Peer 1: 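Pasting a structure here, questions to come.
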Amino acid sequence: MSTFQAPKGTYDLTPPRSATFLAVREAIAAPLRDSGYGYIETPGFENVELFARGVGESTDIVTKEMYTLTTKGGDQLALRPEGTASVLRAALEANLHKAGNLPVKLWYSGSYYRYERPQAGRYRHFSQVGAEAIGTEDPVLDAELIILADQAYRSLGLRQFRILLNSLGDKECRPVYREALQTFLRDLDLDEETRRRIEINPLRVLDDKRADVQKQLTDAPKLRDYLCDACKAYHEEVRALLTAAGVVYEDDEKLVRGLDYYTRTTFEFVHDGLGSQSAVGGGGRYDGLSEMIGGPELPSVGWALGVDRTVLALEAEGIELDLPYATSVYAVPLGEEARRVLFGVVTGLRRAGIAADFAFGGRGLKGAMKSANRSGARYALVAGERDLAEGVVQLKDMESGEQSAVPLTEVAAELAKRLG
Ligand code: ATP
Ligand code: MG
């Protein structure tokens, strides 16, 4: 160990577990790429105001969780706590919405930073893959995104997740509900901070995780009873499309989520094997966000899935991914001449797209075969002076233990055939 350790609330991704992280990112990205979403990458930090306005002044993210800094030049920056505000900022800046091709469909993958109390599944540096469909109000888009996240989780083999769905109304009906809710909440027995929240963002009080608060909320007015006809129809359409696609969801009236910018459709993916950090991903429609950050009216919808918690969910379900990164062939040379020849074979295999590795450092047969085992390789190639004199290498099947001599000139073809 060195004198240093990873900062509190962070951890390093190291082999072999890191391969699972890559595979999870890829599994989430694949359905998006296949559905017309283009890759976008934005800086790891932004002007702090983007998040203050875009995520919302009353959210935990902005009030408690942002890493902010002042540069030597005096700029106020924040490490990005989430992706949506940055992606929308970048799309507007690049005028993607003006190309006459709405919606602008984008996906991203990266690190996010929140100053939280670290615990299992909750870190100060974590990883998300997200998707945004910008500029179109169409229930098919909301449904598409939920279906693609469901597809991603299923492709990983996850089964114990649930989709929670709600509608938060729009600028017509939400204010009426907001007032009714405020009137109800003001009569409850709540602490000072929560009372302040009632005035700034009362819907978020519904999101309070504390049991004594939840108990008092049983008779709170329900947003469902206040939705305007347009919002109701929109929500029914989203639900019908999900059902038609065979995606199972649960209506959850209390689902409001932590960000201010959501309107209408809102959803969360929860996994039942994760204890209190059960949300593996979430998202929704954010029709007002563009205007909040100084852009034109661009109704949009998106989600972000947490890579860290998805990996924890895989572990909770005991799922081991079939990782494509594993070494297929491990070469063990015995002697100087064999080193040169086998390294040539390995290079050839790699160029032919076969994952191959090599016993470096001139080690003995026993130690090298141990490494071959540990690499998970399906085949080992062993060659000593006598083999080379005969123009062959020994090809060993690491599963059955069977070994046969294969002419040097035919090794690549033989392995390609065996590995399919
Ligand atoms: P939570 O209610 O657990 O705090 P959140 O609503 O703040 O979650 P979002 O902002 O919606 O989370 O982010 C989407 C996903 O990113 C979450 O569902 C989760 O998987 C992941 N995520 C968020 N914060 C963290 C964190 N601190 N550590 C690890 N993953 C996180
Ligand atoms: Mg949070």
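For the numbers below, each heavy atom of this structure counts, side chains included, while hydrogens, waters and symmetry mates do not. Indexing begins at 1, ligand by ligand and atom by atom, following the structure's order. Given the structure is predicted, the values throughout are model-derived calculations rather than measurements.
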Peer 1: Please walk me through it: do Arg80 and Glu46 pass salt bridge (Lys or Arg N to Asp or Glu O under 4.0 Å)?
Peer 2: CA-CA 7 Å; Arg80 59 183 180 189; Glu46 297 271 355; over 6 Å; no

Peer 1: Pairing donors with acceptors under 3.5 angstrom, does anything connect the side chains of Tyr37 and Glu144?
Peer 2: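 There is such a pair (donor and acceptor under 3.5 Å, judged by atom type) between the side chains of Tyr37 and Glu144.
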
Peer 1: For Asp308 and ligand 1, does the shortest N/O to N/O distance drop below 3.5 Å?
Peer 2: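 Such a contact does not occur with ligand 1.
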
Peer 1: Could you list which atoms of ligand 1 come closer than 4.0 Å to a heavy atom of Gly121?
Peer 2: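 Within the 4.0 Å cut-off of Gly121, ligand 1 contributes 28 (N), 29 (C), 30 (N).
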
Peer 1: Relative to each other, are the rings of Phe126 and Tyr112 parallel, tilted or perpendicular (30° and 60° limits)?
Peer 2: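 Ring orientation, 0 to 90° scale: tilted.
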
Peer 1: Tabulate below the donor-acceptor pairs under 3.5 Å that side-chain atoms of residues 289-306 make, not counting sequence neighbours, or state none.
Peer 2:
unit_1	atom_1	unit_2	atom_2	d
Ser290	OG	Pro296	O	2.5
Ser300	OG	Gly135	N	3.3
Ser300	OG	Leu298	O	2.8
Trp303	NE1	Leu145	O	2.6

Peer 1: Does the N or O separation between Ala304 and ligand 1 drop below 3.5 Å for any pair?
Peer 2: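 Not met; the criterion fails.
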
Peer 1: With respect to Arg309, determine whether any N or O atom, backbone or side chain, lies less than 3.5 Å from an N or O atom of ligand 1.
Peer 2: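 Among all N and O atoms of Arg309, at least one is under 3.5 Å from an N or O of ligand 1.
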
Peer 1: Once you restrict to heavy atoms under 4.0 Å, what part of Phe126 touches ligand 1? Side chain, backbone, both or neither.
Peer 2: side chain

Peer 1: I'd like to check which ligand 1 atoms, numbered from 1 as shown, lie under 4.0 Å from a non-hydrogen atom of Gly281.
Peer 2: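 Per the distance check, 18 (O).
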
Peer 1: Can a cation-pi geometry be assigned to Arg114 and Tyr67, taking NZ or CZ under 6.0 Å from the six-membered ring centre and within 45° of the ring axis?
Peer 2: no

Peer 1: Does Phe21 have more than 12 heavy atoms from other residues, nucleotides or ligands lying within 6.0 Å of its CZ?
Peer 2: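 Yes, the 6.0 Å shell around CZ holds more than 12 heavy atoms from other groups.
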
Peer 1: N/O to N/O below 3.5 Å, does that happen between Glu116 and ligand 1?
Peer 2: yes

Peer 1: Under 4.0 Å, heavy-atom basis, I'd like to know which part of Val280 is in contact with ligand 1: side chain, backbone, both or neither.
Peer 2: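 Backbone only.
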
Peer 1: Among residues at least two apart in sequence or on other chains, which ones pass side chain to side chain donor-acceptor pair (under 3.5 Å) with Asp272?
Peer 2: Arg162

Peer 1: At a 4.0 Å threshold, what atoms of ligand 1 neighbour a non-hydrogen atom of Gln128?
Peer 2: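 Numbered from 1, ligand 1 contributes 13 (O), 14 (C), 15 (C), 16 (O).
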
Peer 1: So does Leu203 get a backbone contact from the side chain of Tyr177, meaning a donor-acceptor N/O pair under 3.5 Å?
Peer 2: no

Peer 1: Contact between ligand 1 and Glu82 is defined here as a heavy atom of the residue under 4.0 Å from a ligand atom; is it met?
Peer 2: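 For ligand 1, residue contact (heavy atoms, under 4.0 Å) with Glu82 is absent.
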
Peer 1: What part of Arg122 sits under 4.0 Å from ligand 1 if we count only heavy atoms: the side chain, the backbone, both or neither?
Peer 2: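 Both backbone and side chain of Arg122 come within 4.0 Å of ligand 1.
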
Peer 1: Going by the atom numbers of ligand 1, which of them fall below 4.0 Å from some non-hydrogen atom of Tyr123?
Peer 2: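 Going through ligand 1 atom by atom, the ones under 4.0 Å from Tyr123 are 26 (C), 27 (N), 28 (N), 29 (C).
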
Peer 1: Using heavy-atom distances, let me know which of Glu268, Arg114, Lys209 sits nearest atom 5 (P) of ligand 1.
Peer 2: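 Shortest heavy-atom distance from atom 5 (P) of ligand 1: Arg114.
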
Peer 1: Minimum heavy-atom separation for Thr136 and Arg285, please, with both atom names.
Peer 2: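 It is O-NH2, 3.2 Å.
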
Peer 1: Taking N or O atoms only and a 3.5 Å limit, does Gln277 qualify as a polar contact for ligand 1?
Peer 2: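 No, Gln277 has no N/O under 3.5 Å of an N/O on ligand 1.
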
Peer 1: If you take the nearest heavy atom of each of Ala279, Ala120, Ala313, which one is closest to atom 17 (C) of ligand 1?
Peer 2: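 Nearest heavy atom to atom 17 (C) of ligand 1 lies in Ala279.
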
Peer 1: Just by distance, with hydrogens left out, do Arg239 and Ser167 show a side-chain donor and acceptor under 3.5 Å apart?
Peer 2: no

